[in-house]
Each structure stands twice: as C-alpha cells, then as structure tokens.
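In what follows, chains are A, B, ... by sequence order, proteins preceding strands, each numbered from 1. Not measured: the values here are computed from a predicted model.
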Amino acid sequence: MGGEAVTIGRMGGETEGGSRVSAGVDPAVWVEAHGDALFRFAMMRVRDREVAEDLVQECFVAALGAKERFANRSSERTWLVGILKRKVVDHFRRKSRDPGWGEGMDAVEQGAFTEKGLWREMPGKWGSGAEVPEGDPAFWRVFGECLRAMPSGLAEVFVLYEMDGMSGQEVCEVLGLTPTNLWARLHRSRLWLRQRLDATWFRAS
Amino acid sequence: MSLRNLWRLLNLPCDGITELMSREMEEGLSGAEWWAVKTHALYCRACRRYRTQIVELKAAVRRFGAEDVGDMVAEEGLGDGARARMTQSLREGMRD
C-alpha cells in the first residue's frame, strides 16, 4: 500500500504538467505515468492479465501513431483511456465470435430460483438509501473479484452496457446479439452479480 | 392480450418477475406487465429487495465505470515483463 501511494503521488505531479503530448512524447513516461492505471482499467473489463497487458500495449502503439491528432482538449489520460476502451470493444467483438462463448449461462437462473420459480435464498436486507459504499476501495475490490468470476457471455454484456454505458443497440452490434437475447443476458448478469455481492460483501460486512 | 396471457402474467413467480423488473430499467413494460410487477411486489419482500438492489447497483457501477480509470482498485499493476515490452515498443515507435 505504501508503494502505491508513492506511485499515485508521482503520477499526480506528472499529469499536471506532462499531460500535453505536443511538447514531445517520452515513451518511458507514458508507461510510468499511465501504465498501471490503464492496466487496471483493462483488467477490470477483460479479466485476464495477459489480454489486459496486450490491450494496453496495443493502446500505446495506436496512441503513438495518432499523437498528432491529440488535440489538447482533454487530458492525456482521458485520451489514452478512450483509445483503450475501443481496444476492449474490439477484443469483445472477437471473443463473442468464438463458438464456445456464453456457454453455461443457463445455470444462473437455476442457481437463484427453485423449479417453481421461487427464490432459493431471501435477498439480504440492504439497498435502500446510500448503502452501496461507492467511496470504499475495499468494496470495489470485492466487486472486481465478483466480476472476474462472472460467466463469460454475461460479463461482456455487463461491462459494455452497465459499466461503460454503451447503448443496447451498440452492444447488440458488437456482440452479435438480438435485443431479446441482450435483455436476457443483462437480467442474468444482474441476478448473478447481486447474489455474489450479497454473499461476499453485504452479508460478510 | 388474451385473458389466458393476462392470467399467466399476474401469476408469474419470482423468476419471471425479476426478469420484468430488469427489463423495466431499459425499455419499460406493457401495462399488464407493469401491473404484474406491482401486485407481485405488494406481497413479495424478496422481489422488492431485489429491485431496490439492482437499481442501486446499476447507478453505482455506472459512476464507477465513468471514473478516471479505476484508481480505486490499486492493488494490481503491470507486470515487469509487460512494462519493459511496452517501453521498448514505444521507443522503437518513436524512432520511426
């Protein structure tokens, strides 16, 4: 934790003054200043260390090629995140074309409901008021662990639609889904995530 | 809508109701579906809790996703190998 604080402090100092590419790009500074944050951004979404590192690398290479088009309107970080976001979308697009993508999704509903369609377990008592501790890093760590375990086929939908705010139409286009299929997956992803958070955070804390 | 369908909707168990609750967040429901959810929620505490929780989570997740770059989850960073690879490929890219 101590080492992390140092990194963030240094990063903060650098992005203030060093957030303009036009003055000339120092690649070592990019990796140093944004590498970890971009990696975490990708890791939270693609849930695989190797893939996340590859995407960050692709992002840097693309950014280097496009640096003349960086218009100084946003911070360097925001600009890089925008590029990385598109890399994540491309990755999901490829992944959704795999034959095995999304297998094992049906188990989600059977896990939550009995054959008669009734709750197997009463949802915990939380949620009214501001009970989701958004300011607590520990909560988001648990959230990240839950998301990491979410079945493939649901997680991609959840990330694009819920986390990154992409429209339903766009998500359907990227992942090759019909709207009905998209809503069904979204429903399952919520069912799944709520249950996991209930068990690992809300009941545990 | 046929009476049969209406009857089915109004007797929908929790699994079907939660699906409607989820869809309600995106595209809204038909009048009959809305009624089905309303009446079910009157007597089903589990589904009431469920709805509150997914609405709360949705808003929180959206705000989290829009944040700078998840500096909140600070425990993980690039591996040394990847870091070196990236520095190297950027350096090469700079020369071209």
Side-chain angles (χ1 to χ4, degrees), chain A residues 1 4 7-8 25 27-28 30-31 34-41 43-44 49 53 56-57 60-61 64-65 77-78 81 109 112-113 116-119 122-128 130-132 134 137 140-141 143-144 158-159 162-165 168 183-184 186-187 190-191 193-194 197-198, chain B residues 11-27 44-96:
Chain A
M1 259 341 237
E4 196 56 44
T7 313
I8 288 170
V25 180
W30 265 8
V31 175
H34 307 297
D36 286 338
L38 292 175
F39 170 75
R40 287 196 289 266
F41 180 94
M43 187 67 192
M44 186 63 122
R49 171 167 276 275
E53 287 178 344
V56 173
Q57 163 122 1
F60 280 142
V61 171
L64 200 58
R77 173 71 68 83
T78 310
V81 169
E109 264 150 318
F113 300 107
K116 288 185 170 166
L118 306 175
W119 288 97
M122 178 79 174
K125 189 175 182 296
W126 57 271
S128 42
E131 285 179 89
V132 177
E134 288 180 55
W140 293 109
R141 263 201 295 282
F143 169 84
F158 184 85
V159 164
E162 295 281 69
M163 200 181 263
D164 289 338
W183 303 137
L186 211 45
H187 162 57
R190 287 173 183 146
L191 202 58
L193 184 73
R194 193 220 64 84
L197 281 174
D198 204 0
Chain B
N11 286 289
L12 217 48
C14 302
D15 59 352
I17 292 293
T18 55
E19 199 170 342
L20 290 180
M21 285 174 163
S22 198
R23 191 145 56 76
E24 188 182 19
M25 290 160 71
E26 272 79 44
E27 49 178 17
C44 180
R45 190 165 51 151
C47 284
R48 279 203 304 277
R49 282 187 183 176
Y50 180 75
R51 171 151 63 180
T52 315
Q53 291 170 2
I54 58 170
V55 169
E56 280 265 320
L57 280 176
K58 183 186 177 69
V61 165
R62 186 71 197 88
R63 284 191 287 269
F64 175 72
E67 252 177 47
D68 187 6
V69 243
D71 278 347
M72 292 276 247
V73 274
E75 87 282 19
E76 255 185 313
L78 283 171
D80 291 339
R83 195 180 298 274
R85 233 174 25 245
M86 284 174 203
T87 310
Q88 180 65 23
S89 78
L90 281 174
R91 218 168 259 153
E92 279 163 17
M94 294 282 288
R95 274 204 298 270
D96 297 338

(request) Considering non-hydrogen atoms only, spot the tightest contact between A:W119 and B:A46 and give its length. (result) CD1-CB, 3.4 Å
(message) Please classify the contact between B:M21 and chain A as side chain, backbone, both or neither, with a heavy-atom cut-off of under 4.5 Å.
(response) neither
(request) Using a strict 4.0 Å threshold on nitrogen-to-oxygen distance, state whether A:E53 and A:R49 make a salt bridge. (result) yes
(request) Against chain B, label A:L197 side chain, backbone, both or neither, depending on which of its atoms sit under 4.5 Å from a heavy atom there. (result) side chain
(message) Please classify the contact between A:Q57 and chain B as side chain, backbone, both or neither, with a heavy-atom cut-off of under 4.5 Å.
(response) both
(request) Return yes if some donor-acceptor pair links the side-chain N/O of A:W30 with the main-chain N/O of A:G35 below 3.5 Å, else return no. (result) no
(message) So that I can tick it off, tell me whether A:R40 and A:D36 are bridged by a salt bridge, with the cut-off set at under 4.0 angstrom between side-chain N and carboxylate O.
(response) no
(request) Below 4.5 Å from any heavy atom of chain A, which atoms of B:R51 appear? Answer side chain, backbone, both or neither. (result) neither
(request) Measure distances from B:Q88 to the heavy atoms of chain A and classify the residue's part below 4.5 Å as side chain, backbone, both or neither. (result) neither
(request) With a 4.5 angstrom heavy-atom cut-off, could you sort out which part of A:K116 is near chain B: side chain, backbone, both or neither? (result) backbone
(request) Give, as side chain, backbone, both or neither, the part of B:I54 having an atom under 4.5 angstrom from any heavy atom of chain A. (result) side chain
(message) Within the 4.5 Å heavy-atom criterion, are A:L191 and A:E109 side-chain neighbours or not?
(response) yes
(request) Locate the shortest heavy-atom distance separating A:E162 from B:R62; write the atom from each residue and the value. (result) O-CD, 3.4 Å
